[in-house]
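Read the structure below first, then the notes.
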2 protein chains.
Amino acid sequence: MMNTPDAAAKLEALGNPTRLSLYRLLVRAGHGGLSVGQCQQRLEIAASTLSHHLKTLIIVGLVSQERDGTTLICRANFDRMNELVAFLVAECCADSNCASDQSAA
Amino acid sequence: MMNTPDAAAKLEALGNPTRLSLYRLLVRAGHGGLSVGQCQQRLEIAASTLSHHLKTLIIVGLVSQERDGTTLICRANFDRMNELVAFLVAECCADSNCASDQSAA
DNA sequence: TATATCCTCCCATAAAACCGGAATTATCGA
DNA sequence: TCGATAATTCCGGTTTTATGGGAGGATATA
């Protein structure tokens with residue numbers, strides 16, 4: 001079960017427009033992932049800037065990397081996102097009866 | 001349909017631990033909501049600080065307020081959260097076949 | 001070894017966020 | 001109108017973030 005500081009760190013990581021674009025790029029790429037260079041081409045930002053943002057996403061666990069020769073393949077970590085979403089909708093209306101609470105079975 | 005800057009603004013708003021605690025407080029409170037004073041009591045932060053955070057959440061639409069005499073009732077806007085979650089999981093694996101893509105009908 | 005490619009780390013700068021005390025606005029009751 | 005309560009805005013200082021240029025590490029190939 002996730003706690004508030006961890007969830008906040010993940011949300012903060014996604015809260016930057018450039019980082020959110022980067023993350024979604026990887027989400028669309030799916031399991032195949034994208035190399036850092038491919039990400040840079042698509043986002044058109046400085047390599048160092050991209051590296052910073054990538055590091056931020058990796059630290060919070062939303063993205064993982066795997067080396068393939070000289071290139072690094074980046075992938076979105078879907079499990080972490082699912083955990084985050086679950087955290088956000090958890091305890092919906094715990095103190096009242098909420099008509100829009102479809103999360104409960 | 002939400003765009004990236006709007007989604008990033010919402011995620012950034014939720015990315016601060018204090019603000020996330022505040023938001024979840026309102027989520028738990030449900031449709032009844034909570035007054036600003038009640039939020040302050042529970043979070044134990046300065047009134048001005050709370051007002052800043054509240055304003056941030058209101059600007060991005062995640063929280064709404066309604067006046068009742070001298071007190072302001074704050075409520076989480078569940079529709080906006082649902083939109084945000086939908087945006088986050090949208091286009092999952094658009095460029096590949098993804099086994100964990102259950103969002104598509 | 002020499003060389004090229006890919007990426008990260010160090011560094012500096014500018015911008016933005018965070019926080020809270022004091023003053024201000026809004027509303028209600030006497 | 002006066003006073004009390006509720007909440008926001010103003011103002012400032014401090015901290016954090018965003019960005020990218022350039023140096024340097026890691027890896028592959030000849």
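Everything quoted here is computed from the prediction, not taken from an experiment. Proteins come first, then strands; the chains are lettered A, B, ... in the order of their sequence lines, and each starts at number 1.
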Integer-rounded Å distance: [N] [atom2] and [X] [atom1]:
X	N	atom1	atom2	value
B:Gln40	D:dA6	CD	P	10 Å
A:Leu50	D:dG21	CG	C1'	15 Å
B:Gln41	D:dT5	CD	P	14 Å
B:Leu72	C:dT25	CG	P	17 Å
B:Leu14	C:dC18	CG	C1'	17 Å
B:Glu12	C:dA16	CD	C1'	9 Å
A:Asp68	D:dA26	CG	C1'	14 Å
A:Glu44	D:dG20	CD	P	12 Å

Name the residue closer to the 5' end of DNA chain D, choosing between A:Gly15 and B:Ile73 according to the nucleotide with the nearest heavy atom.
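Its nucleotide being nearer the 5' end, the pick is B:Ile73.
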
Looking across every strand, which nucleic acid part, if any, lies under 4.0 Å from A:Thr71 by heavy atom: base, sugar-phosphate, or nothing?
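It contacts sugar-phosphate atoms only.
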
Checking all strands, does A:Gln38 fall into the base, sugar-phosphate, or nothing category for heavy-atom contacts under 4.0 angstrom?
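Contact class for A:Gln38: none.
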
Measure from the side-chain heavy atoms of [X] and tell me the nearest of [options].
X	options	answer
A:His52	D:dA18, D:dT8, C:dC10	C:dC10
B:Lys55	C:dC19, D:dT9, D:dT8	D:dT9
A:Arg67	D:dA6, D:dT27, C:dC9	D:dT27
A:Arg19	D:dG20, D:dA18, D:dT19	D:dA18
B:Thr70	D:dT19, D:dA7, C:dT27	C:dT27
A:Thr49	C:dC19, D:dT8, D:dG20	D:dG20

Side-chain contact test, heavy atoms from C-beta onward, threshold under 4.5 Å: evaluate it for [X] versus [Y] and give yes or no.
X	Y	result
A:Phe78	A:Val27	yes
B:Cys74	B:Ile58	no
B:Asn16	B:His53	yes
A:Leu84	A:Met2	yes

Relative to A:Phe87, does B:Arg24 satisfy both conditions: NZ or CZ under 6.0 angstrom from the six-membered ring centre, and within 45 degrees of the ring's axis?
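Verdict for A:Phe87: a cation-pi partner in B:Arg24.
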
side-chain N/O [X] vs [N] OP1/OP2, d < 4.0 Å:
X	N	result
B:Gln65	D:dA7	no
A:Ser51	C:dT8	yes
A:Asn16	D:dA18	yes
B:His53	C:dA17	no

Does any N or O in the side chain of A:Arg80 come within less than 3.5 Å of the main-chain N or O of A:Leu62, such that one atom is a donor and the other an acceptor?
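Absent.
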
